[in-house]
**Student:** 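Quick one: the structure is below, questions incoming.
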Amino acid sequence: MAEKSLIAHVQQDEKEPPQQPLSLGLIKRMLTFTKPYARRRNTLLILVVIRSIQLPALAWAIGAILGGPISRMDVRGIFMGAAGYALLAFLTELTLRYRSMLALKLGEDVIADVRTSMFRHLQTMPMSFFNRTKLGRTISRFASDAEAMRQGIQNVLFVSMVAFGQMAFAACLMLYHDWVLFLVVACMAPGVWLLSRKFTAKLSAAYRSAQESFSRVTATMAETVNGIRVTQGYVREETNAGLFHKLVLDHSRYNMDAARTAGVFIPLLELKTQLFIALVLLVGGWRVLNGTAQVEDLYQFILMASVFFGPIQILANQYNTALSAMAGAERVFSLLDQKPEWADPEDAKILDPMHGKVELKDVTFGYDPEKPVLHGINLTINAGETFALVGPTGSGKSSIINLVAKFYLATDGQVLIDGEDITMLSGDALHRQMGIVLQQNFLFTGTIMENIRLGHPSATDEDVIEAARQLDCLDILQALPDGLQTVVTEKGGGISLGQRQLVCFARAMLANPRILILDEATSAVDSMTEARLQTALDRLLAKRTSIVVAHRLSTIRKANQVVVLDHGRIAEQGTHDELLAHKGLYAELYRQFIHQQHGPTG
């Protein structure tokens with residue numbers, strides 16, 4: 001059981017309903033996204049009306065030709081009727097082409113706007129939102145939920161309108177030809193729809209189960225590939241292959257269940273309509289034999305009945321799709337309606353220029369307010385000073401960085417920048433004068449040049465080169481296969497750890513921040529790269545306020561102040577020499593640093 005949980009168990013997020021009941025409010029809100037495309041939408045509505053008339057008209061024309069020129073042996077009338085029918089058929093197909101094309105364009109434009117709105121909204125959310133919201137759930141809003149909305153607007157709306165219009169026009173013609181038979185059809189229609197709805201729901205459930213089983217297969221495959229080093233390191237290849245094989249067999253079983261369900265229900269869906277037509281023939285034939293109806297009218301009625309019953313299966317399918325669209329729209333709008341926990345005030349101040357003095361006064365903070373991770377923190381960092389934060393894992397170093405960067409707000413107390421409460425400052429303006437280099441050294445897919453320019457989007461190529469030159473790392477970056485035009489893949493793949501860190505340093509240097517926040521990478525690099533990184537770091541820290549979560553001894557020694565954190569409180573504070581002389585927690589951590597970076601001595 002333990003082995004199975006390592007690979008075959010794909011953690012299930014809270015179940016989200018795949019369908020929701022139809023909601024007029026959701027439908028209205030979905031349609032508001034069509035307003036920018038009102039002309040195209042209105043043209044579509046006109047084409048819908050035209051097509052809903054054309055389809056019954058085609059069937060009616062066949063009956064008219066059979067009961068007219070053909071029954072009279074009128075050769076000229078037959079040719080004229082056939083020509084007229086061909087023209088109507090051509091116009092019907094032309095209408096379908098433009099209706100489908102306009103619906104596709106409308107659906108794609110609307111869903112592009114929906115996704116853009118969600119993306120922009122996400123940019124306004126604080127870090128707490130991303131910490132508590134699973135990435136897969138956020139991605140599903142842009143993928144499956146947005147796609148369900150697109151299907152609702154592009155297909156369900158207009159296809160259903162055509163189907164209802166087709167049925168209404170056919171009903172009018174049936175009522176005109178034989179009102180008694182029409183009552184028979186009207187009584188049967190709800191039964192046909194309910195059966196179609198029931199069969200379609202079972203088919204949808206079977207296909208959905210197969211799709212979910214496939215997602216488990218792909219998720220396990222992705223997990224295995226990402227953890228291939230662990231798999232090979234612990235010689236689990238055969239074990240994992242066996243467990244994966246069970247998942248594949250499970251997926252095959254779901255596919256077979258779906259195929260068997262389709263094999264039973266699809267013929268039944270087609271048969272039931274034919275049975276109802278047979279009933280119409282029986283009743284209509286009896287009326288013709290009794291002289292209460294004409295054969296020509298029965299021809300027309302049978303043709304119209306086929307046109308009337310035909311869309312019922314389509315409407316059953318569209319109904320299922322509509323319920324999925326409701327579920328997707330509800331989740332999308334739930335995201336769009338989610339308000340940030342906090343936002344800059346309308347009269348937020350802009351510090352220009354910023355000097356870089358940072359103060360924390362009696363700061364208490366918790367990612368969960370009921371569980372604080374910082375307690376009564378008091379710090380003053382003067383402009384141009386370098387503060388090194390050290391302490392055991394979980395002591396609160398990153399939390400202080402998050403507060404100074406205004407990624408979070410303090411639960412209690414104040415964070416001040418140049419004497420101004422950070423809650424009253426513009427976050428965007430603050431970040432423009434702040435450089436942040438994280439431990440993960442995150443790079444986006446693109447060139448080295450583009451990644452460095454993120455720190456100053458309007459910078460020229462010469463500015464980027466000059467920033468790298470100031471850090472004394474230009475030669476390292478130019479030595480890459482395509483120099484600064486070298487393309488890195490997701491998360492900086494394609495270049496070494498040290499090179500990624502230099503790119504992040506150059507990005508911060510190009511931004512020329514007044515406050516620099518740096519979480520030094522802990523991963524080991526070769527001694528030559530370490531020396532170049534330290535040189536670049538010294539130049540980056542010069543003449544600017546710097547708050548560093550320090551992992552390098554050289555950085556700690558050069559800091560103006562070293563703050564030692566323990567369990568969210570300041571345990572010690574002073575210079576490197578002062579804290580060593582104190583022989584407290586810092587001295588113990590220092591001995592650990594020495595052991596990690598230089599190995600055991602003596």
**Student:** Within a strict 4.5 Å, meaning less than it, do heavy atoms of the Leu336 and Ser117 side chains meet?
**Tutor:** yes
**Student:** List the steps, then state whether salt bridge (charged side-chain N to carboxylate O under 4.0 Å, His left out) holds for Glu450 with Arg453.
**Tutor:** CA-CA 5 Å; Glu450 291 167 343; Arg453 193 178 278 120; over 6 Å; no
**Student:** Examine distances only and state if a side-chain atom of Asn402 and a backbone atom of Ser398 form a donor-acceptor pair shorter than 3.5 Å.
**Tutor:** yes
**Student:** Without swapping roles, check the side chain of Arg331 against the backbone of Arg141 for a donor-acceptor pair under 3.5 Å.
**Tutor:** no
**Student:** Heavy-atom distance under 4.5 Å between the side chains of Asn451 and Ile448, does that happen here?
**Tutor:** no
**Student:** Write down the atom of Gln485, the atom of Thr447, and the distance for their closest heavy-atom approach.
**Tutor:** O-CG2, 3.6 Å
**Student:** Just wondering, do Val487 and Asp482 contact through their side chains at under 4.5 Å, heavy atoms?
**Tutor:** no
**Student:** Between the side chain of Ser324 and the main-chain N/O of Ala148, is any donor-acceptor distance below 3.5 Å?
**Tutor:** no
**Student:** Under 6.0 Å from the CD atom of Glu238, do we count more than 12 heavy atoms belonging to anything else shown?
**Tutor:** no
**Student:** Could you walk me through whether Arg99 and Val159 satisfy the side chain to side chain contact (heavy atoms under 4.5 Å, CB included) test, starting with their C-alpha distance in whole Å, then the side-chain angles of each, then the deciding distance to 0.1 Å, before giving a yes or no?
**Tutor:** CA-CA 10 Å; Arg99 189 206 66 75; Val159 171; 4.1 Å; yes
**Student:** Which class fits the ring pair His431 and Phe407: parallel under 30°, tilted 30 to 60°, perpendicular over 60°?
**Tutor:** tilted
**Student:** Identify the heavy atoms of Leu409 and Leu403 that sit nearest to each other, and give their distance.
**Tutor:** C-CD2, 3.7 Å
**Student:** Within the supplied structure, the quantity of interest is the number of heavy atoms (other residues, nucleotides, ligands) at a distance under 6.0 Å from Phe164 CZ; does it exceed 12?
**Tutor:** no
**Student:** To the nearest 0.5 Å, what is the distance between CG on Asp145 and CD1 on Ile139?
**Tutor:** 12.5 Å
**Student:** What is the minimum heavy-atom distance between Ala410 and Val363, and which atoms define it?
**Tutor:** CB-CG1, 3.9 Å
**Student:** Output all residues satisfying side chain to side chain donor-acceptor pair (under 3.5 Å) with Glu341, sequence neighbours left out; order by chain, then residue number.
**Tutor:** Ser128, Arg132
**Student:** Would you check if Val162 and Phe158 make a side-chain contact, meaning some heavy-atom pair closer than 4.5 Å?
**Tutor:** no
**Student:** Which pair of heavy atoms, one from Leu471 and one from Met509, lies closest together, and at what distance?
**Tutor:** CD2-CE, 3.3 Å
**Student:** Does the pair Phe129 and Leu335 meet the rule for a side chain to side chain contact (heavy atoms under 4.5 Å, CB included), with working shown?
**Tutor:** CA-CA 11 Å; Phe129 169 84; Leu335 173 61; 3.8 Å; yes
**Student:** Can you confirm whether Ile401 sits close enough to Ile436 that some side-chain heavy atom of one is under 4.5 Å from a side-chain heavy atom of the other?
**Tutor:** no
**Student:** A side-chain contact here means heavy atoms from C-beta on lying under 4.5 Å apart; do Leu443 and Arg507 qualify?
**Tutor:** yes
**Student:** Please check if the side chain of Arg115 supplies one atom and the backbone of Phe142 the other of a donor-acceptor pair under 3.5 Å.
**Tutor:** yes
**Student:** Would Glu108 and Lys105 satisfy salt bridge (charged side-chain N to carboxylate O under 4.0 Å, His left out), going step by step from the backbone distance to the final call?
**Tutor:** CA-CA 5 Å; Glu108 291 298 333; Lys105 288 182 177 179; over 6 Å; no
**Student:** Determine, for Phe333 and Arg29, whether the Lys NZ or Arg CZ falls below 6.0 Å from the six-membered ring centre while staying within 45 degrees of the axis.
**Tutor:** yes
**Student:** At what distance, to the nearest 0.5 angstrom, does CG of Leu454 lie from SG of Cys504?
**Tutor:** 9.5 Å
**Student:** CE/Met30 to CG/Leu157 distance, rounded to the nearest 0.5 angstrom?
**Tutor:** 8.5 Å
**Student:** Kindly compute the distance separating CD1 (Ile570) from CD1 (Ile377), expressed to the nearest 0.5 Å.
**Tutor:** 4.5 Å
**Student:** Any non-hydrogen side-chain atom of Thr321 less than 4.5 Å from a side-chain atom of Asn155?
**Tutor:** no
**Student:** Which atom names give the shortest non-hydrogen contact between Pro481 and Thr486, and what distance separates them?
**Tutor:** N-OG1, 3.9 Å
**Student:** Side chains of Ile400 and Phe365, heavy atoms from C-beta outward: is any pair under 4.5 Å?
**Tutor:** no
**Student:** Passes side chain to side chain contact (heavy atoms under 4.5 Å, CB included), Leu518 versus Phe505? Steps please.
**Tutor:** CA-CA 9 Å; Leu518 171 66; Phe505 285 174; 3.9 Å; yes
**Student:** Identify the heavy atoms of Val332 and Met118 that sit nearest to each other, and give their distance.
**Tutor:** CG1-SD, 3.7 Å
**Student:** Quick one, Ile111 with Met149, criterion side chain to side chain contact (heavy atoms under 4.5 Å, CB included). Give me CA distance, side-chain angles, the key distance, then yes/no.
**Tutor:** CA-CA 7 Å; Ile111 215 59; Met149 284 184 64; 3.8 Å; yes
**Student:** If we ignore hydrogens and angles and just use 3.5 Å, is the side chain of Lys397 paired with the main-chain N or O of Leu565 as donor and acceptor?
**Tutor:** no
**Student:** Please round to the nearest 0.5 Å and tell me the distance separating atom OG1 of Thr411 and atom CG of Asp368.
**Tutor:** 9.0 Å
**Student:** Ignoring hydrogens and angles, tell me if any N or O in the side chain of Ser334 forms a donor-acceptor pair with the backbone of Glu330 under 3.5 Å.
**Tutor:** no
**Student:** To the nearest 0.5 angstrom, please state how far the CD atom of Gln154 sits from the OG atom of Ser100.
**Tutor:** 9.0 Å
